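For reference, the structure discussed in these notes is given below.
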Amino acid sequence: MPDPTSDPLSTPALDLPVRPRRLRSPLLRPMLQRVALRRRDVIVPVFAVGGAGVRREVASMPGVYQMSVDVALDWLAARAEEGFGAYLVFGVVDRHTKDDVGSPALDPDNVVCRLLREARERKLPMAGVTDLCFCEYTSHGHCGPLTADGSTVANDATVARLVAQAVNHARAGAGVIAPSGMMDGTIKALRRGLDAAGFADVALLAYSVKYASAFYGPFRDAADSAPSFGDRRAYQMDPARGTDEAILEASLDVDQGADMVMVKPAGAYLDVIRAVREQVRVPVVAYQVSGEYAMLEAAARNGWLEHDRAVLESLVAIKRAGADLIITYYAELLAKLVER
Ligand code: PBG
């Protein structure tokens, strides 16, 4: 028996009926892509601060800026031109205006409402989505007013205040309200409250499946919303719990009237995106969160990863898992790299 490694030409052909490599030729390979990432799949987050002419880079999210309403609107107008259809606004307020119930959240003249109103006046051709939560507005940084003993967030009292916040956002021009506080019964109360206030057409994007995740760290810099004591484990989900809980949360929200559901974070929860996708009949949105962005940026800035390829791969994976829409901080890059 001759040694085939000594003479490669004598290597007998393997008897294979299917050789997947045949379809990896330069011509066929691109034709067979079926996971398409497009700009219109993306919701663009924006951090709105007071003042004018403000554009402040977030230390742990290089390339992402807190912007005053005037700057944010110019920036969003450029994104609209590029083909992005929706933005997600977070309000960042002065620390000394915060209190234990998050009063600035209910101020109809806060930065979020101002941005929505000015976007409407300027006829910005993007849907305005608002993150509905109190963590950016409470002195303790938790997602709503606390229980009498101060140990955790009071569920039902928070829900009642979320309805008031949502009606403010709807009045200011929000097209979609996205409650992110993980309070039980939020969607039911919001649907009723919005309908009663004459906003039956405002859609609800439920942050249904939101894990208590270390990957939100940089966001809490960006939104100044870190809890001053404890963590969010009494209301956000346990990553080790399994997908059944995700399906339960998403199903409850759909039953209560959610028009879309969200899974967050995205990259470490692709199995959850898939599980939810298979269970619900509404669009599924996945949030590539601040920590996912920071990881990619840090590695690329160290020369350890090829930036654009790694970013695209991370986003294609989220679509392949089953997300209809993605919230990502990479809009400006995607305008260069992918089609409308
Ligand atoms: C809550 C909220 C958070 C994020 C979006 N909405 C933070 C949290 O739950 O602590 C995180 C988004 C990100 O990390 O990019 N208002």
Side-chain angles (χ1 to χ4, degrees), residues 42-49 58-66 87-93 98 102 104-106 110-112 129-138 140-145 152-153 158-159 161-162 165-166 169 174 176-183 186 190 204-239 249 261-269 285-298 311 314-315 318 323 325-331:
V42 166
I43 300 174
V44 183
V46 56
F47 297 103
V49 295
V58 178
S60 49
M61 300 176 73
V64 174
Y65 296 82
Q66 296 178 332
Y87 63 89
L88 170 63
V89 57
F90 298 97
V92 189
V93 300
K98 300 185 183 188
L106 301 188
N110 66 20
V111 277
V112 172
V129 187
T130 61
D131 182 89
L132 199 73
C133 196
F134 287 101
C135 61
E136 296 110 293
Y137 308 98
T138 52
H140 44 71
H142 280 287
C143 297
T152 188
V153 176
T158 300
V159 170
R161 295 175 64 79
L162 286 170
Q165 191 185 18
H169 291 174
V176 183
I177 308 268
S180 66
M182 291 301 282
M183 297 299 125
T186 301
L190 286 178
L204 293 175
L205 162 57
Y207 278 74
S208 302
V209 182
K210 179 172 175 182
Y211 288 92
S213 172
F215 291 107
Y216 309 147
F219 172 92
R220 292 173 186 174
D221 272 0
D224 189 26
S225 65
S228 63
F229 67 91
D231 53 40
R232 303 210 204 287
R233 282 185 235 191
Y235 38 103
Q236 298 181 351
M237 291 162 60
D238 181 351
E249 284 280 9
V261 296
M262 194 193 302
V263 174
K264 173 183 168 203
Y269 295 87
V285 180
Y287 197 146
Q288 183 184 50
V289 300
S290 58
E292 298 177 67
Y293 177 87
M295 277 197 301
L296 286 161
E297 290 307 300
V311 170
S314 72
L315 292 166
I318 295 166
L325 300 178
I326 304 178
I327 303 171
T328 173
Y329 299 100
Y330 281 116

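Each ligand, and each atom within it, is numbered from 1 in the order the structure gives. All values derive from a computational prediction rather than experimental measurement.
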Original post:
Hey, are the side chains of Ser180 and Lys210 touching, using non-hydrogen atoms and a 4.5 Å cut-off?
Top reply: yes
Subject >> Taking atom 14 (O) of ligand 1 as the reference point, the nearest protein heavy atom with its distance >> reply: Ser290 OG, 2.7 Å
Original post:
Looking at Cys133, which atoms of ligand 1 are within less than 4.0 Å of one of its heavy atoms?
Top reply: 16 (N)
**OP:** Using the six-membered ring of Tyr216, assess whether NZ or CZ of Lys264 lies under 6.0 Å from its centre and within 45 degrees of the ring axis.
**Re:** yes
**OP:** Could you name the option among Arg232, Glu136, Lys264, Glu292 that has the heavy atom nearest to atom 5 (C) of ligand 1?
**Re:** Lys264
Original post:
What residue and atom, counting heavy atoms only, is the protein's closest point to atom 9 (O) of ligand 1, and at what distance?
Top reply: Lys210 NZ, 2.7 Å
Subject >> Test side-chain contact (heavy atoms from CB on, under 4.5 Å) applied to Cys135 and His140, Arg232, Arg220, the passing residue >> reply: Arg232
Original post:
Would you call Cys143 and Phe134 a side-chain contact if the rule is heavy atoms closer than 4.5 Å?
Top reply: no
Original post:
Taking only heavy atoms of Arg220, which atoms of ligand 1 are found under 4.0 Å from at least one of them?
Top reply: 8 (C), 10 (O)
Subject >> Selected option - heavy-atom contact closest to atom 15 (O) of ligand 1, from Tyr216, Phe219, Tyr293, Tyr329 >> reply: Tyr329
Original post:
Among protein heavy atoms, which sits nearest to atom 16 (N) of ligand 1, and what does the distance come to when rounded to 0.1 Å?
Top reply: Asp131 OD2, 3.0 Å
Original post:
Roughly how far, to the nearest 0.5 Å, is CD1 of Ile318 from OG1 of Thr328?
Top reply: 7.0 Å
Subject >> Proximal atoms of ligand 1 relative to Gln236 (non-hydrogen, under 4.0 Å) >> reply: 8 (C), 9 (O)
Original post:
Do Ser225 and ligand 1 have an N or O pair less than 3.5 Å apart?
Top reply: no
Subject >> Approximate separation, where rounding is to 0.5 Å, of Lys98 NZ and Tyr137 OH >> reply: 9.0 Å
**OP:** Give the ring-plane orientation class for Phe90 versus Phe47, where under 30° counts as parallel, over 60° as perpendicular and anything between as tilted.
**Re:** parallel
Original post:
ligand 1 versus Cys135, non-hydrogen atoms closer than 4.0 Å: side chain, backbone, both, neither?
Top reply: side chain
